[in-house]
Amino acid sequence: MFFSKMLIPTMREVPSEAEAVSHKLMLRAGYVRQLASGLYIYLPLAWRVMTRINKILREEMDATGAQEVSMPILHPAEVWQKTGRWYEIKDEMFRLKDRTERDMCLGMTHEEIMTWLASREIKSYRDLPQVWYQIQTKLRDEARPKSGILRTREFIMKDSYSFDADYEGLDKNYQIQADAYHRIFNRCGLTFYQVESDTGMMGGAGAHEFMAPSPAGEDDIVICKSCGYIANVEVAHSLSKPLKEIPWEYEEVSTPNKRTIKEVSGFLKIDSPYFIKSLLVIASEVPVLVLIRGDQELHEKKLTKVLGNFRPATKDEIVSYLGVEAGFIGPMGHKIRIVADELLKEGTYVTGANKIDYHIKGVKPGTHFNAEWYDLHVAKEGDLCPKCNTSLIMDKVIEIGNIFKLGTKYSSALNAVFLDKNGQEKPIIMGSYGIGPARIAAAAIEQNNDKDGIIWPRSIAPFDVEIIPLNLNDSRTKEIAESLYKELVQRKVEVLFDDRDERPGVKFKDADLIGIPVHVVLGEKSLKENNIELKTRRTKESRKISVENALNEILKMVREE
RNA sequence: CGGGGCGUAGCGCAGCUUGGCUAGCGCACCUGCCUUGGGAGCAGGGGGUCGGAGGUUCGAAUCCUCUCGCCCCGACCA
C-alpha cells in the first residue's frame, strides 16, 4: 500500500477533547474520527487493525468448535419483553417503532435473539451442546461515552453463547471459552488478568472478566501477589490488619458538635479504624441500621445483595426511628434490624451514644449490640487477602472480555427447552462470552506507546513493515525501495510504502506516530555503502544491512518480534 | 441524571471583561522557487453562518434570554 494513496490524516496537534493516551494517539495518527458523542469512524489504518483482531478472534473461536452466525441488530420488542429486559433496562436501550407502529429496539447484546433461535431449532439432548458466535455491532445509549473508542454507543462485539444439556457441560464450555480468551489476548500482545466479577443483571451462576491494566481503565481490581487471588472491587473480599486491643472501659465521652468520623477521631485522638459508622437506610419501607468500620467504605452493591434495593434515610426518618440526630448514632439499644460488616466482629470500638454531643468508648460487638454479619465494605489497597492474609494491591483496568454462566435465565423465559434421555423436558443451560475488539486495540495502545506514538504488537499492527525511502528523486533509492516492496508483498508481508514527497523528518515522525513495528529506511548516505537500515519501532534500534541481505533480514524481523 | 468546563478556518488558540476599521495568529492546505537523515526556508494565495435562534443597540464574536453540541468528574454501565 502506498502512503500517498491511503487516507492517513496525521495531525501535529491533538484535538483538545482527547484525554486518554489511546484516544489522543488514534486521533493524531489518523486512525479514527469522531462523528458524535460515542460514535466513531474507523479510518483505513484502524480498520486494518480491527480486521486483524477479528481474524484472531475467528481463528480461536473456530478452533473451539464454535460456529459463526450473524444476527440482526434490529430486534422486535416481544423477545425482550419475554425475558423482562424490555422493562428492566431503561434509557440505555435504543427503542423505535416500525411503520406499523410495532415496538422495536436496537440490540445491546444478543442473549434474547440467540435463545430465540435455540428455542426453535434445538429439540433434543442429541442437538446439544452447541456454541454459536458472531462479530456484530451492538448499540447502547450510554449515559456517558468516554475515552475515545473505549466506551462508545455503537461498538462491535464478539459474542458467543453456549447451549448445554447440563451444568457439567456448561462448566466445560465455560472453561473452553476461558482458555480461548487467554490465547486470544496473548496473541494480541496484551498484558491482562482474569478476575472474578459480578454477574450483574445478566443473572446466573458465575462470571469472570478479562482485564487489561491501564490508567485509562474504568474498573479497579485487587490483586494478591502471593496467592494469586484477584477480583473486581465490585465483588472483592478483603480482611484488615488486626487492630491492637485497647482495654477501654464502657464509658460515655463528650464530643460537642463532632459528628463525622474524621471530626470525632481528631477530637478524641483515636484512629478511625476504632470507630463504628452507623448508617440508617430504608429497604422496602423498613429501616435498617448498617454498621461499617470507621476507616472502611460501604459497598452499596454488596448491601443490595443483602437488603435488596435501599435508599439512605432522611434526617427526619433518622430522628423518628432512632431518636437521635445523624452523627451520634450508635448500634446499642435499638429494636430495628442491624446488619454489620464482618470486620467489626472482633474488637472494641467508639461509636455514637444515641445522644447529642456524646459518643461511647469501649463498645464490644456481641456484648453491647448484636447484628447480622456480612461482607459490606469496599476492598482497598493495603487490606489483606481473604485467602492468604497478604497485603492486596490495586490496579486500574480496561475490561476487554467477560464470560458468564447464565444458567436457565434466558432459556426458561423464552421456552428454549429440549427432551433429555428420559423424555423429560428441560431448559437449556446457557453461557455467554463477550470480547470487545475495539477495546483490545485501545488497550494495546495504552500498554504500548512512547512519547512519539503508538507501538503496535506485531499481530495486530495495521502493517508489518513500513518502507521509508528518504529521497525518491534519487533513482537508486527509488529502484531498491520499489523492488524490496514488490518482493515483500509477493511473500504476503503487508507493507506500507511512504512514497510521499515529504522531507525525511516528516516521514520519520509519521512512521513513529503510526507505530508499524518494523521500519526500513533507505537513505542516499547508507546506500553509497550499499546498506539500508532496519529499525525496530519499539526500541528505536537501527541496524545496517547490505542491500543483498535486506529481504531476508526483514522477513526474519517480521516473523520474530 | 447531578456538578464543572468549552464551542471563533481542518487542528491548536487569541480577541469577549470595557460593543466600533475589512475578525486575527501558528500549524495544515494550494502555486512557484529552493531544499532532502528527525515535523526546513522564501514569496504569493485560498478557506469563517464567530455552534444556532431570538433580543438590546446606530452598531454584537463581545451584552441579555433561550437552545443545541462536545469534553471532564460523579451516578450508571445488562
Side-chain angles (χ1 to χ4, degrees), chain A residues 7 9-20 23-24 27-30 33-40 80 83-94 105 107-112 138-148 150-153 155 157 159 197-204 207 209 216-219 232 234 300-301 304 311 398-399 402 404 406 409-410 432 434 436 439 451-453 468-474 477-478 498 500-514 519 521-528 531-533 535 540 542 544:
Chain A
L7 179 63
T10 59
M11 287 187 284
R12 202 178 288 208
E13 281 170 296
V14 203
S16 56
E17 73 219 25
E19 190 78 9
H23 188 197
K24 285 182 184 166
L27 287 169
R28 269 195 70 202
R33 288 295 182 263
Q34 184 178 38
L35 174 65
S37 181
L39 297 174
Y40 280 83
W80 286 80
T83 63
R85 292 211 284 186
W86 177 265
Y87 310 103
E88 284 166 33
I89 298 168
K90 306 221 162 63
D91 297 338
E92 213 160 312
M93 180 184 268
F94 282 107
C105 66
M108 312 175 54
T109 173
H110 282 79
E111 279 79 15
E112 273 78 359
K138 316 284 177 197
L139 291 115
R140 294 179 190 172
D141 196 356
E142 288 286 348
R144 181 146 100 84
K146 58 181 285 198
S147 306
L150 269 181
R151 188 171 191 73
T152 53
R153 295 193 292 175
F155 58 97
M157 183 165 149
D159 47 325
S197 71
D198 193 15
T199 52
M201 294 288 285
M202 294 288 276
E209 288 164 333
E218 299 184 88
D219 286 278
N232 195 317
E234 300 277 294
E300 298 193 3
K301 281 203 171 148
T304 303
R311 61 170 173 85
I398 296 169
E399 181 185 346
N402 52 40
F404 292 94
L406 296 175
K409 173 171 170 164
Y410 297 94
S432 85
R439 287 186 166 193
K451 65 174 174 37
D452 294 312
I468 307 171
L470 297 184
N471 182 7
L472 280 169
N473 294 324
D474 177 56
T477 301
K478 186 165 192 247
D498 194 344
R500 294 174 302 167
D501 183 22
E502 288 287 358
R503 297 169 58 81
V506 174
K507 295 189 180 186
F508 286 134
K509 288 289 182 192
D510 276 345
D512 287 346
L513 191 55
I514 289 165
H519 297 169
V521 179
L522 295 93
E524 286 171 88
K525 285 180 194 165
S526 299
L527 281 177
K528 272 184 193 141
N531 284 331
I532 64 166
E533 288 153 60
K535 196 158 116 190
K540 296 267 182 82
S542 178
K544 295 194 185 220

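Protein chains get the first letters and strands the later ones, always in sequence-line order, with residue 1 at the start of each.
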Whole-angstrom distance between [N] and [M], as gauged at atom [atom1]:
{"N": "G52(B)", "M": "A23(B)", "atom1": "P", "answer": "16 Å"}
{"N": "G38(B)", "M": "G5(B)", "atom1": "P", "answer": "45 Å"}
{"N": "G46(B)", "M": "G10(B)", "atom1": "C1'", "answer": "13 Å"}
{"N": "G69(B)", "M": "A53(B)", "atom1": "P", "answer": "16 Å"}
{"N": "G45(B)", "M": "G39(B)", "atom1": "P", "answer": "28 Å"}
{"N": "C72(B)", "M": "U62(B)", "atom1": "C1'", "answer": "27 Å"}
{"N": "C68(B)", "M": "G19(B)", "atom1": "P", "answer": "30 Å"}
{"N": "A60(B)", "M": "C76(B)", "atom1": "C1'", "answer": "42 Å"}

What is the nucleic acid contact for [X], judged by heavy atoms within less than 4.0 Å: base, sugar-phosphate only, or nothing?
{"X": "Thr477(A)", "answer": "nothing"}
{"X": "Glu218(A)", "answer": "nothing"}
{"X": "Glu533(A)", "answer": "base"}
{"X": "Ser16(A)", "answer": "sugar-phosphate"}
{"X": "Asp91(A)", "answer": "nothing"}
{"X": "Lys507(A)", "answer": "nothing"}
{"X": "Leu527(A)", "answer": "nothing"}
{"X": "Arg28(A)", "answer": "base"}
{"X": "Asp474(A)", "answer": "nothing"}
{"X": "Ala18(A)", "answer": "nothing"}
{"X": "Lys535(A)", "answer": "base"}

Completion exercise
Contacts of Arg144(A) and Ala36(A) projected onto RNA chain B by closest heavy atom; the upstream (5') one is Ala36(A)
Exercise for the section: With RNA chain B as reference, determine whether Ile89(A) or Leu470(A) sits nearer its 5' end, using the nearest nucleotide of each. Expected result: Leu470(A)
Rounding to an integer number of Å, can you tell me how far [X] [atom1] sits from [N] [atom2]?
{"X": "Asp501(A)", "N": "U31(B)", "atom1": "CG", "atom2": "P", "result": "11 Å"}
{"X": "Asp512(A)", "N": "G37(B)", "atom1": "CG", "atom2": "P", "result": "17 Å"}
{"X": "Lys409(A)", "N": "A78(B)", "atom1": "NZ", "atom2": "C1'", "result": "8 Å"}
{"X": "Lys509(A)", "N": "G38(B)", "atom1": "NZ", "atom2": "P", "result": "10 Å"}
{"X": "Glu502(A)", "N": "G38(B)", "atom1": "CD", "atom2": "C1'", "result": "13 Å"}
{"X": "Glu17(A)", "N": "G51(B)", "atom1": "CD", "atom2": "C1'", "result": "15 Å"}
{"X": "Arg503(A)", "N": "G37(B)", "atom1": "CZ", "atom2": "P", "result": "7 Å"}
{"X": "Leu472(A)", "N": "U36(B)", "atom1": "CG", "atom2": "C1'", "result": "11 Å"}

Practice task
Taking only Lys NZ, Arg NE, NH1 and NH2, and the carboxylate oxygens of Asp or Glu, determine whether Glu111(A) and Arg85(A) approach each other closer than 4.0 Å.
Solution key: yes
Problem - SB check Arg439(A) Glu218(A) (cutoff 4.0 Å) - result: yes
[X] (side chain) and [N] (base): donor-acceptor pair under 3.5 Å:
{"X": "Asp510(A)", "N": "G39(B)", "value": "yes"}
{"X": "Lys544(A)", "N": "G37(B)", "value": "no"}
{"X": "Glu13(A)", "N": "G39(B)", "value": "no"}
{"X": "Ser37(A)", "N": "G69(B)", "value": "no"}

Handout entry: Close side-chain approach of Leu527(A) and Ile532(A), heavy atoms under 4.5 Å
Key = yes
Identify the nucleotide, in any strand shown, that forms a Watson-Crick or G-U wobble pair with [N], with both distances under 3.5 Å; if there is none, say none.
{"N": "C33(B)", "value": "G41(B)"}
{"N": "C6(B)", "value": "G69(B)"}
{"N": "U17(B)", "value": "none"}
{"N": "A28(B)", "value": "none"}

Looking at [options], which one has an atom nearest to any side-chain atom of [X]?
{"X": "Asn471(A)", "options": "U36(B), A78(B), G37(B)", "result": "U36(B)"}
{"X": "Asn473(A)", "options": "C72(B), U36(B), C76(B)", "result": "U36(B)"}
{"X": "Met11(A)", "options": "U36(B), C11(B), C71(B)", "result": "C11(B)"}

Completion exercise
Residues Asp198(A) and Phe404(A): closest non-hydrogen pair is O-CE2, 4.0 Å
Handout entry: Side-chain donor-acceptor contact under 3.5 Å, Lys146(A) with His23(A)
Key = no
Practice task
Go through the steps for Asp510(A) and Glu502(A) under the test side chain to side chain contact (heavy atoms under 4.5 Å, CB included), then give the verdict.
Solution key: CA-CA 11 Å; Asp510(A) 276 345; Glu502(A) 288 287 358; over 6 Å; no
Practice task
Apply side chain to side chain contact (heavy atoms under 4.5 Å, CB included) to the pair Asp159(A) and Lys138(A), showing each step before the final yes or no.
Solution key: CA-CA 10 Å; Asp159(A) 47 325; Lys138(A) 316 284 177 197; 2.7 Å; yes
Completion exercise
So CZ of Arg503(A) and CG of Asn471(A): to nearest 0.5 Å the spacing works out to 10.5 Å
Handout entry: Short side-chain N/O contact from Arg12(A) to OP1 or OP2 of A28(B), under 4.0 Å
Key = yes
Problem - Lys146(A) vs C73(B): side-chain N/O to OP1/OP2 distance below 4.0 Å - result: yes
Handout entry: From CA spacing to verdict: side chain to side chain contact (heavy atoms under 4.5 Å, CB included), Ile468(A), Leu470(A)
Key = CA-CA 6 Å; Ile468(A) 307 171; Leu470(A) 297 184; 4.0 Å; yes
